[in-house]
Amino acid sequence: MTLEAVRQATTTPRTSGSSPSARGSDGADVVRRAARVLVVDSEPVVRHGLRALLTAEPDLAPAGEAASPRDALMAAERTRPDVIVVDIEFARDDRPGTDLVRALLERCRGARILVLTGCRDRESMMRTVRLGVHGYLRKGADTTEIVRAVRAVLRGEGVFDPGTGAAGPLQVLREPDPAPAAATADLCKTSLLTDRENQVLRLLAVGLSNREIGTRLRISEATVKFHVRNLRDKLEVRRRTEIVYTAARQGIV
């Protein structure tokens with residue numbers, strides 16, 4: 001997270017009122033519980049900035065903080081968060097961040113894992129993504145991107161930042177395939193995507209919902225769902241969350 005992002009987070013005013021409410025079957029307003037987010041990072045300024053950012057959102061709430069893998073596991077088991085925002089790089093800990101991610105995925109099966117890191121190690125990033133994290137952002141992401149990513153993983157969507165360049169999470173998934181036949185097959189799949197499907201795919205990659213994609217492209221939500229279904233079929237995946245991952249491996253996005 002950049003210093004500017006932290007500055008934005010700590011100066012953002014708290015939205016008045018409780019969490020968003022929904023109308024119950026009897027017509028009464030039902031207050032929804034704010035999603036609880038645990039922040040794991042060895043840098044105090046990042047933890048404090050994220051806490052301020054979450055506090056300013058009516059549908060999100062900080063569940064706690066942890067500065068080390070050991071503390072993270074204890075906090076996760078104690079607070080049972082909905083989302084865990086975790087760095088995989090710890091300045092004063094010998095345990096690899098990928099080990100922590102694996103442990104969190106195993107012990108907190110109900111939680112979504114969003115990696116927010118400045119780690120540039122290619123091997124570590126590949127191991128982390130392959131473990132099955134729900135999102136991966138660089139620390140240069142601004143506050144809007146971070147909040148959007150948290151909400152996206154809560155919806156069960158995968159968020160993998162395509163703007164990180166050669167060292168980013170999408171790039172590390174684009175491993176060169178030595179088999180010419182496989183490479184040809186990937187190129188064929190790429191050519192099967194329509195211009196609109198490519199547009200939808202790029203917006204999926206930054207974590208937008210169907211409604212947000214529809215608004216951005218000026219098409220109905222039903223039309224977006226139609227294109228998402230086509231993307232699943234063409235990329236031969238079953239779930240929406242696999243679309244970006246598979247497209248990234250094939251160099252489509």
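With sequence neighbours left out, the side chain to side chain donor-acceptor pair (under 3.5 Å) criterion links R155 to E157. Take R102 and apply the side chain to side chain donor-acceptor pair (under 3.5 Å) test, not counting sequence neighbours, and it matches D99. For E221, the side chain to side chain donor-acceptor pair (under 3.5 Å) test picks out no residue, with sequence neighbours left out.
Cluster membership for F226 and I219, using ILVMFWY side-chain heavy atoms within less than 4.5 angstrom, is not shared. Residues V159 and L154 fall within the same hydrophobic cluster, defined by Ile, Leu, Val, Met, Phe, Trp and Tyr side chains chained together at heavy-atom separations under 4.5 Å.
One side chain, R240 or N210, offers a donor N or O that lies under 3.5 Å from an acceptor on the other. Q199 and R196 share a side-chain donor-acceptor pair at under 3.5 Å.
Side chain of E57 to backbone of L54: no donor-acceptor contact under 3.5 angstrom is found. Of the possible polar contacts, none joining the R232 side chain to the V237 backbone as a donor-acceptor pair under 3.5 Å is found. Without hydrogens or angle criteria, T79 side chain to A75 main chain gives a donor-acceptor distance under 3.5 Å. Side-chain N or O atoms of N198 include one that pairs as donor or acceptor with a backbone N or O of T194 at under 3.5 Å. Judged purely by atom type and a 3.5 angstrom limit, H134 has no side-chain atom pairing as donor or acceptor with the backbone of L114.
With a 4.5 Å cut-off on side-chain heavy atoms, V101 and T98 do not count as touching. Side-chain contact between I84 and R112: absent, with no pair of heavy atoms (C-beta onward) separated by less than 4.5 Å. The shortest side-chain heavy-atom distance between L38 and V83 does not fall under the 4.5 Å cut-off.
Atom CG of residue L231 and atom CD of residue E236 lie 13.0 Å apart, to the nearest 0.5 angstrom.
R33 has a carboxylate O that lies under 4.0 Å from a charged side-chain N of D82, or vice versa, which qualifies the two as a salt bridge.
Exactly one of K139, R47, H48 qualifies for a side-chain hydrogen bond (donor to acceptor under 3.5 Å, both in side chains) with D41. That residue is K139.
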